[in-house]
Amino acid sequence: LGVRATPYLAANLAAAGYEVSTQASDWHIGQEHSDMLLSMAKEAAAVATETDPSREPAVSNWLADRATDIRHGLLSLEVGHLDLLAVPIR
């Protein structure tokens, strides 16, 4: 469901009798977490290569560029995230 997962779950929980609240809580991954940034870039590259092995040279170049950006403090990442709280209505 991807980005539709939280709204889908919220609607279904509400229909099942829960009081549902959601709140944006985006993740900001800055240069202070360069190991995490590199790990995420490597994972994205692995998925891209698995999806289309013929793109491996382009993906390798992309990953090398991202690794250079990370080493020079030029890369950060913001991941949209939505928290959900569901409480049974009594």
Side-chain angles (χ1 to χ4, degrees):
L1 294 173
V3 298
R4 296 184 311 267
T6 304
Y8 175 85
L9 180 58
N12 281 278
L13 287 168
Y18 286 80
E19 182 178 338
V20 179
S21 176
T22 59
Q23 178 70 43
S25 61
D26 296 346
W27 304 341
H28 304 278
I29 304 164
Q31 212 33 60
E32 66 278 9
H33 301 290
S34 60
D35 289 345
M36 184 177 187
L37 288 169
L38 184 57
S39 177
M40 293 176 83
K42 287 179 179 178
E43 181 64 24
V47 169
T49 300
E50 183 177 318
T51 301
D52 185 355
S54 71
R55 301 288 297 155
E56 193 277 330
V59 172
S60 289
N61 288 337
W62 175 87
L63 181 56
D65 289 346
R66 297 300 73 77
T68 298
D69 291 345
I70 291 167
R71 276 194 308 279
H72 289 100
L74 301 174
L75 189 68
S76 63
L77 179 64
E78 184 170 324
V79 179
H81 183 79
L82 192 59
D83 286 336
L84 181 145
L85 172 66
V87 178
I89 299 173
R90 295 188 189 246

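Just so you know, these numbers come straight off a predicted model, no measurement behind them. Note that the numbering runs from 1 along the sequence shown for the chain.
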Rounding to 0.5 Å, atoms CG (Leu84) and OG (Ser25) come to a distance of 10.5 Å
To the nearest 0.5 Å, what is the distance between CG (Leu9) and CZ (Arg4)?
->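 Reported to 0.5 Å precision, the distance equals 14.0 Å.
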Check the side chains of Glu43 and Ser39 for a donor-acceptor pair under 3.5 angstrom, ignoring hydrogens and angles.
->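 Side-chain D/A pair, Ser39 to Glu43: absent.
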Is it true that the side chains of Asp83 and His81 contain a donor and an acceptor less than 3.5 Å apart?
->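 The criterion, which ignores hydrogens and geometry beyond distance, is satisfied for His81 and Asp83.
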Heavy-atom closest pair, residues [X] and [Y]:
{"X": "Leu75", "Y": "Gln31", "result": "O-OE1, 2.9 Å"}
{"X": "Pro57", "Y": "Ser54", "result": "CD-O, 3.7 Å"}
{"X": "Gly80", "Y": "Asp26", "result": "CA-OD1, 3.2 Å"}
{"X": "Trp62", "Y": "Ala41", "result": "CZ3-O, 3.5 Å"}
{"X": "Leu1", "Y": "Tyr8", "result": "CD1-CD2, 3.6 Å"}
{"X": "Thr22", "Y": "Ala10", "result": "CG2-CB, 4.4 Å"}

Partner of Ile70 under side chain to side chain contact (heavy atoms under 4.5 Å, CB included), picked from Asp35, Leu77, Asp65, Leu38, is Leu38
Would a hydrophobic clustering, with Ile, Leu, Val, Met, Phe, Trp and Tyr connected at side-chain separations under 4.5 Å, put Leu37 with Leu74?
->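 Hydrophobic grouping puts Leu37 apart from Leu74.
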Do Ile89 and Val20 share a hydrophobic cluster (ILVMFWY, side-chain heavy atoms under 4.5 Å, transitive)?
->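 Different hydrophobic clusters.
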